[in-house]
Amino acid sequence: MQKPSLPKGTRDFGPLQMARRNYILDAIKDTFQLFGYQQIETPSMENLSTLTGKYGDEGDQLLFKILNSGDFLKGLTSEDLSKGSAANLTKLSEKGLRYDLTVPFARYVAMNRNELSFPFKRYQIQPVWRADRPQKGRYREFYQCDADVVGTESLLCEAEIIWMIRQVFAKLGLKDYAIKVNNRKILTGIAEAIGEQGKEGPLCVAIDKLDKIGWEKVKEELLQRGFEEASMQKLLPLVNLASGVKERLAVLTQFLNQSPVGLQGVKELEEVFRFLEQLGIPLDHVDFDPMLARGLSYYTGAIFEVKVNGVSIGSVSGGGRYDNLTGVFGLPGVPGVGFSFGVDRLYDVLEELNLFPEERLAGTQVLLAHFDQKGLEYGLRWLTALRAEGVRAELYPEVSKLKKQLEYASKKELPFVGICGDEEIASGRLMVKNLTTGEQESLTLPEAIVRLKK
RNA sequence: GUGAUUGUAGCUCAGUUGGUUAGAGCGCUGGUUUGUGGAUCCAGAGGUCGCCGGUUCGAGCCCGGUCUUUCACCCCA
């Protein structure tokens, strides 16, 4: 016998977990559909050439590669082998598991350019895989729920993303959260304004830790990364930033007055907020953070990140605008903006905050119990009749003690048991027992249907 | 990838400086009850102490390796 086990960083989902996951997924799906997004799916595996080089060196390391079928060592000489696995990767593996949903989507758009009508709004809910080291809120297999709209530069899309996030969080009962918003152009502008052009990457990595380690430590880190003392002094107005979206935009307009790019970023953000105002969407929960940076490699406009306050989980949603999604696949000039919910993290958050609804699993409504073969056969007739009326019913499938059948129903938290004994057979009725109250009464079929239908 | 950490029954965990036959609670199975679950009581089943190797007269305990768990960093959902 072998001991059963699961690969590192993967999980099973039991009935309760699935019910809860579906509760989250339904909230997300309903919202995506309400906003006109259409669902697509792509294969779990992609050609490795589609995936590599899209996520940086670190990302390539985290790709799960699939060994070629058949004799995967065929054609390799011992000389090849001595060069190590990296040198032979292209010969050993030509497929990999998808790392996110954005790159497969880009591939899909490029391949279906002639069939799609732009702007194209799609959503996609599928697992992705990363050969990361698992820890809290981090798994090697997890679901992403992406919504993207490609083929338009309209900032209405950005406004709608904020709207959708608000909608989903409201559905899930989450009240204390922050939608952090920024614009990549503002980051570029800030680097310009302090005289460190092109260094927004390291700048943000360091500044991002401001809350955690404080300004002094951040300065140390910036120094290590080759920033000038004078540049850092210029950052001060941004370190102790006023609160409030409008106030911050004013500060940035001033701060970036020499940087056309930066000002453009501010202007774009202002337009997003103007759209929201016109839509009647309040700006609470929305937080303009000029130092927010994400996936710098491909975002070019708006950047989003959502955090739930008071929980030990990282961001539960994020996204941004990119100018050129499909360029690497030979289709230039397709801009887009998208974002993603992390279901697994939302699950952990809702669990930590105890926000899952108490309601029972949508399981069986009534178990038909019996004492002997005769009762079981009488139960078959009831099973047909009840199911025909849409009552979720099951019949205990073998003859056994009533105690055992009641325990089974009790353990599954079924609300009712219908007892099929000699008395019921004689009267043509069903003894319906309420497992919560313990009360029971003998009912006819129409009476039972009224009682059990839910 | 770097540095820690964890692993004993289905689950949660005890297990003394290395010393006979590895324990508890919960759960499970059966009984107490041949038409009534959750409670009580009784009985029972269930373990290659993650795995491989080493030290020792003797290893759950010590050493090495490996896998796994959790955490921090990096990065990220």
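Lettering of chains follows the sequences in order, A, B, ..., and the numbering in each one begins at 1.
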(request) Among A:Tyr37, A:Tyr123, A:Tyr322, find the residue that satisfies the side chain to side chain donor-acceptor pair (under 3.5 Å) test when tested with A:Asp148. (result) A:Tyr322
(request) Could you please name the option among B:G35, B:G30, B:G37 that lies closest to any side-chain atom of A:Glu407? (result) B:G37
(request) State, with a plain yes or no, whether a side-chain heavy atom of A:Arg429 is found less than 4.5 Å away from one of A:Glu447. (result) yes
(message) Counting distance alone, no hydrogens or angles: does the base of B:U2 have a donor or acceptor under 3.5 Å from a partner atom on the side chain of A:Arg133?
(response) yes
(request) For the side chain of A:Arg138, starting at C-beta, report the closest nucleotide among B:C76, B:G37, B:C28. (result) B:C76
(request) Would you mind pulling out the nucleotide paired to B:G10, Watson-Crick or G-U wobble, both distances under 3.5 Å? (result) B:C26
(request) Verify the contact: side-chain N or O of A:Gln135 to OP1 or OP2 of B:A72, cut-off strictly under 4.0 Å; return yes or no. (result) yes
(request) From the options B:U68, B:A77, B:G35, select the nucleotide whose nearest atom is closest to the side chain of A:Lys8. (result) B:U68
(message) Rounded to whole Å, how long is the line connecting atom CG of A:Asn434 with atom P of B:G37?
(response) 15 Å
(request) Scan every strand shown for a Watson-Crick or G-U wobble partner of B:C73, both distances under 3.5 Å, and answer none if you come up empty. (result) B:G1
(request) Give the rounded distance in Å between these two atoms: CG of A:Asp422 and P of B:U36. (result) 14 Å
(message) From C-beta outward on A:Ile419, which listed nucleotide comes closest to its side chain: B:A77, B:G35, B:G30?
(response) B:G35
(request) State, with a plain yes or no, whether a side-chain heavy atom of A:Leu435 is found less than 4.5 Å away from one of A:Phe416. (result) no
(message) Rounding to an integer number of Å, can you tell me how far A:Asp60 CG sits from B:C75 C1'?
(response) 14 Å
(message) Under the criterion of centre distance below 5.5 Å and interplanar angle below 30°, is A:Phe142 classified as stacked on the base of B:A77?
(response) yes
(message) Heavy atoms from C-beta onward define the side chain here; which of B:G30, B:A77, B:G31 lies closest to that of A:Lys401?
(response) B:G31
(message) Between B:C42 and B:U36, how many Å separate the two P atoms, rounded to a whole number?
(response) 23 Å
(request) Give the rounded distance in Å between these two atoms: CZ of A:Arg140 and C1' of B:C75. (result) 14 Å
(message) Tell me whether the side-chain N/O atoms of A:Lys403 come closer than 4.0 Å to OP1 or OP2 in B:G31.
(response) no
(message) Within the 4.5 Å heavy-atom criterion, are A:Asp100 and A:Arg130 side-chain neighbours or not?
(response) yes
(request) Could you check which of B:U36, B:U69, B:A77 has an atom nearest any side-chain atom of A:Arg345? (result) B:A77
(message) Give me each pair satisfying salt bridge (Lys or Arg N to Asp or Glu O under 4.0 Å) with a member in residues 283-292 of chain A, each pair once, sequence neighbours excluded.
(response) A:Arg166-A:Asp284, A:Lys180-A:Asp289, A:Arg248-A:Asp287
(request) Look at the side-chain N and O atoms of A:Lys433 and state whether any lies under 4.0 Å from the OP1 or OP2 oxygen of B:U36. (result) no
(request) To the nearest Å, give me how far apart CG (A:Leu367) and C1' (B:G35) are. (result) 15 Å
